[in-house]
J.: 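Attaching a single structure in structure tokens format; questions to follow.
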There are 2 protein chains.
Amino acid sequence: MATIYDVSQLAGVSLATVSRVMNKNTNVSDKTRQRVLDAMEKLGYRPNTFAQSLASNCSNSVGVLVSQLDGPYYGPMMAEIESSLRLENKHVIIAVGHSDAAQEKDSVEFLLDRGCDALILDVEAVSDEYLINLSKGPTPIVLINRYIEQISERCIYLENEVGGYMATKHLIMQGHRHIAYISGPAKKHDAIERLVGHKRALSEANIEFTSALCFEGDYSEESGATGMTYLLQQRSKKPFTAVVCANDQMVSGAISVCLESGMRIPHDLSFVGYDNIPFARYISPKLTTVNNPIHEMGKMAALWLLKNLYNKNIDVNNVFMPELVIRESSIPV
Amino acid sequence: MATIYDVSQLAGVSLATVSRVMNKNTNVSDKTRQRVLDAMEKLGYRPNTFAQSLASNCSNSVGVLVSQLDGPYYGPMMAEIESSLRLENKHVIIAVGHSDAAQEKDSVEFLLDRGCDALILDVEAVSDEYLINLSKGPTPIVLINRYIEQISERCIYLENEVGGYMATKHLIMQGHRHIAYISGPAKKHDAIERLVGHKRALSEANIEFTSALCFEGDYSEESGATGMTYLLQQRSKKPFTAVVCANDQMVSGAISVCLESGMRIPHDLSFVGYDNIPFARYISPKLTTVNNPIHEMGKMAALWLLKNLYNKNIDVNNVFMPELVIRESSIPV
DNA sequence: ACACAAAATGAAAGCGATTACATTATGAAA
DNA sequence: TTTCATAATGTAATCGCTTTCATTTTGTGT
């Protein structure tokens, strides 16, 4: 592998000059620059990124920490982050936190050790305090899917409460008065917010929140199924005509339970989901759901970094609004 | 940030000794080792990975190139790769090839420039020759989802032909004689193989392959829908009682078209998919499909590297067998 | 032709580790 | 006690680049 030294020899210039042409430094005459470029070409020279990083203290890499890699959720986000960053020749190092505080911290350490110039974090278990503290360190961070007031300008997030409100409001406008809810895990911020939105819509319509009709799932299909089984048992005592689930995966689990027990959806029961995962429109019935522009948020996080870290001139906006996507799983009573 | 030098000063030893204790080199007395460890602890020392990589010419990173990041397919694979590697303190750098030869090559270059110790490649556009050539280079590669005879020991793949055979065979055993097929893109190896398996099952049962009943999709839900629309038009001339799709996404697109036009599935038409993506069991009807252990293949690729590159003692096997998962979308005629 | 500011180039000191080689300490055998 | 192999430690070169500062070249105005 040719080194910068080889290039400098062949071009008949000094190391510094070669370095200058690599780094687009202007103080090089056109003639010299061309000689260097030719030499590089001829030698098939590729700079050694480790040496560059060591000397410049900049790695051109950003660490991305997500809570999971499988599931329909993170793929699009990662895809956007990767492509946005790649365009600028930055690369992404991924780590997974599994929604566990210890693992999340561990992963942060790991990425930091790896010399990332910045971190994009989608973490849920770790405390606000930890993140605030981390943000004071030398490595910039951006948070996806989380709002912390003290570092709000570093937070890219969805108005989950509004989305929760929309979902339930939609059902209420369709005439539903008895609405069950399958929630995400109470330890996750977004799950809490979505539920809060649900309650707001309810109280706005003077409907009392019935905790017997609220089941705490964990965002998985299985828990959606479990929750639905539970709700179906409640139904004799506490009838309901619609259920909103805190994400699409749980809806699909819930619907499959209903279908198995011979119910007809949406005729017997309306459903509204959340996230608008790609499959939502291919599930039958097609899911009415709240759109979560997760890929755009991923992109925005990448742009934020490009702007703040690598000084690109870019507009970023931090907060995203959910949108109701009305399809076929919800009908008027 | 403390450096190795600071540690050596505090511990009262030389740089070399500190380096030795970091690298678990045994030639250090317990007493000294402890002094060094204490010093590290006290200083909160973290080795600089760039310096390490530069000096040792080993980055402890592996590049993973997938064709896409979104979709239900790659998440589980990435997840397994990441966790397996992470356990050994290796990290993964991801890149996306978008099934395009130029982009794939570009990404390979990119990962190589980044000093990856090895590459895990899931590429489809690039030629066998290119890969064979690449495998002769200094950086080891493993191929997922692709078989190339000359470098077969580096290939982790699924017997796609067998899976294609299984899917159709299953329908034939259910009494179906007229079977339509929605294929993946003809330029992708796995799509071709699956189709070959389909044809083998057909000919084994003395059923002629009807090209009018074969539609080439691109693995997306949309193309499944398009394909189904086409097939439905053919149906008056060329009746069929079942359709097999080369992946689950296309099935779901296809089924949704049928449902929209008022058909009842599986009563009016049986379906078999391929891949067994997580959602397959939550779609209604639950999909009969061919299991594709993509996450295991990801894990195996990681293990292969650990074994061959970092000298871990691990058993790896290269070829995976598909398995038929019979659910509800296919019923006897 | 001369002076001088600006532009172009070079020399050399890091960056923070690894590692070959040299040196010293240790302890068992004679 | 002496001798030596072996274990423990240290010295210093090296990895390939960036960057500061010094030096040389260039070009302009006179």
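Values below: all heavy atoms of this structure, side chains included; hydrogens, waters and symmetry mates excluded. Quick note on labels: first sequence line is chain A, next is B, and so on, each numbered from 1. Keep in mind that this is a model prediction, so the values were computed, not measured.
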J.: State, yes or no, whether a side-chain contact exists between A:Val64 and A:Leu111 at a heavy-atom distance under 4.5 Å.
T.: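 Result no, sub-4.5 Å side-chain heavy-atom pair not found.
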J.: Can you check whether B:Asp70 reaches A:His295 side chain to side chain, under 4.5 Å on heavy atoms?
T.: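 In short, these two side chains do not touch, never coming nearer than 4.5 Å.
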J.: Run B:Lys188 and B:Asp218 through salt bridge (Lys or Arg N to Asp or Glu O under 4.0 Å) and show every step you take.
T.: CA-CA 9 Å; B:Lys188 298 201 182 180; B:Asp218 65 3; over 6 Å; no
J.: Answer whether the closest heavy-atom distance between the side chains of A:Trp304 and A:Arg154 falls below 4.5 Å.
T.: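 The answer is yes; the side chains approach within 4.5 Å.
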J.: Kindly indicate whether the side chain of A:Lys105, heavy atoms from C-beta on, has any atom under 4.5 Å from the side chain of A:Val108.
T.: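 No. Closest side-chain heavy atoms not under 4.5 Å.
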J.: Could you go through nucleotides 24-26 of chain D and list every protein N or O atom that sits under 3.5 Å from one of its N or O atoms, giving the distance for each pair?
T.:
none

J.: Just so I know, are the side chains of B:Met22 and B:Tyr45 near enough to count as touching, which here means a heavy-atom distance under 4.5 Å?
T.: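 In short, these two side chains touch, coming nearer than 4.5 Å.
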J.: State, yes or no, whether a side-chain contact exists between A:Asp106 and B:Arg86 at a heavy-atom distance under 4.5 Å.
T.: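 With C-beta onward as the side chain, the pair touches.
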J.: For B:Gly12, which contact category applies under a 4.0 Å heavy-atom criterion: base, sugar-phosphate, or nothing?
T.: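 Sugar-phosphate: the residue B:Gly12, judged by heavy atoms under 4.0 Å, touches backbone atoms but no base.
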J.: Any chance the side chains of B:Asn292 and B:Tyr73 put a donor and an acceptor closer than 3.5 Å?
T.: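 B:Tyr73 and B:Asn292 do have a side-chain donor-acceptor pair below 3.5 Å.
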J.: Once each nucleotide of nucleotides 11-21 of chain D is scored for protein heavy atoms under 4.0 Å, what B/S/- sequence comes out, 5' to 3'?
T.: B---BBBBBB-
J.: Rounding to 10°, can you tell me the angle the first-five-pair axis of the helix from C:dA1-D:dT30 to C:dA30-D:dT1 makes with its last-five-pair axis?
T.: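 One end's axis against the other's: 40°.
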J.: When you compare the side chain of B:Ile94 with that of A:Val92, does any pair of heavy atoms fall below 4.5 Å?
T.: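 The answer is yes, as the side chains (C-beta and beyond) meet within the 4.5 Å cut-off.
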J.: State, without any angle test, whether B:Gln34 and B:Asp38 hold a side-chain donor-acceptor pair at a distance under 3.5 Å.
T.: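 Their side chains do contain a donor-acceptor pair, which is all the 3.5 Å distance test asks for.
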J.: With heavy atoms of chain A within less than 4.0 Å as the criterion, where does contact along DNA chain C begin and end?
T.: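 Listed 5' to 3', the contact boundaries are C:dA8 to C:dG16.
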J.: List, one per line, each side-chain donor-acceptor pair under 3.5 Å for residues 113-123 of chain B, sequence neighbours excluded.
T.:
unit_1	atom_1	unit_2	atom_2	d
B:Asp113	OD1	A:Arg46	NE	3.4
B:Asp113	OD2	A:Arg46	NH2	3.1
B:Arg114	NE	A:His91	ND1	2.9
B:Arg114	NH2	A:His91	ND1	3.3
B:Asp117	OD1	B:Ser59	N	2.8
B:Asp117	OD1	B:Ser59	OG	3.0
B:Asp117	OD2	B:Ser59	N	3.3
B:Asp117	OD2	B:Asn60	N	2.6
B:Asp117	OD2	B:Tyr310	OH	2.8
B:Asp122	OD1	B:Ser67	OG	3.1
B:Asp122	OD1	B:Tyr74	OH	3.3
B:Asp122	OD2	B:Asn145	ND2	3.3

J.: List for me each residue that meets side chain to side chain contact (heavy atoms under 4.5 Å, CB included) alongside B:Lys136, sequence neighbours excluded, and say none if there are none.
T.: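 So B:Lys136 forms a side chain to side chain contact (heavy atoms under 4.5 Å, CB included) with B:Ile132, B:Asn133.
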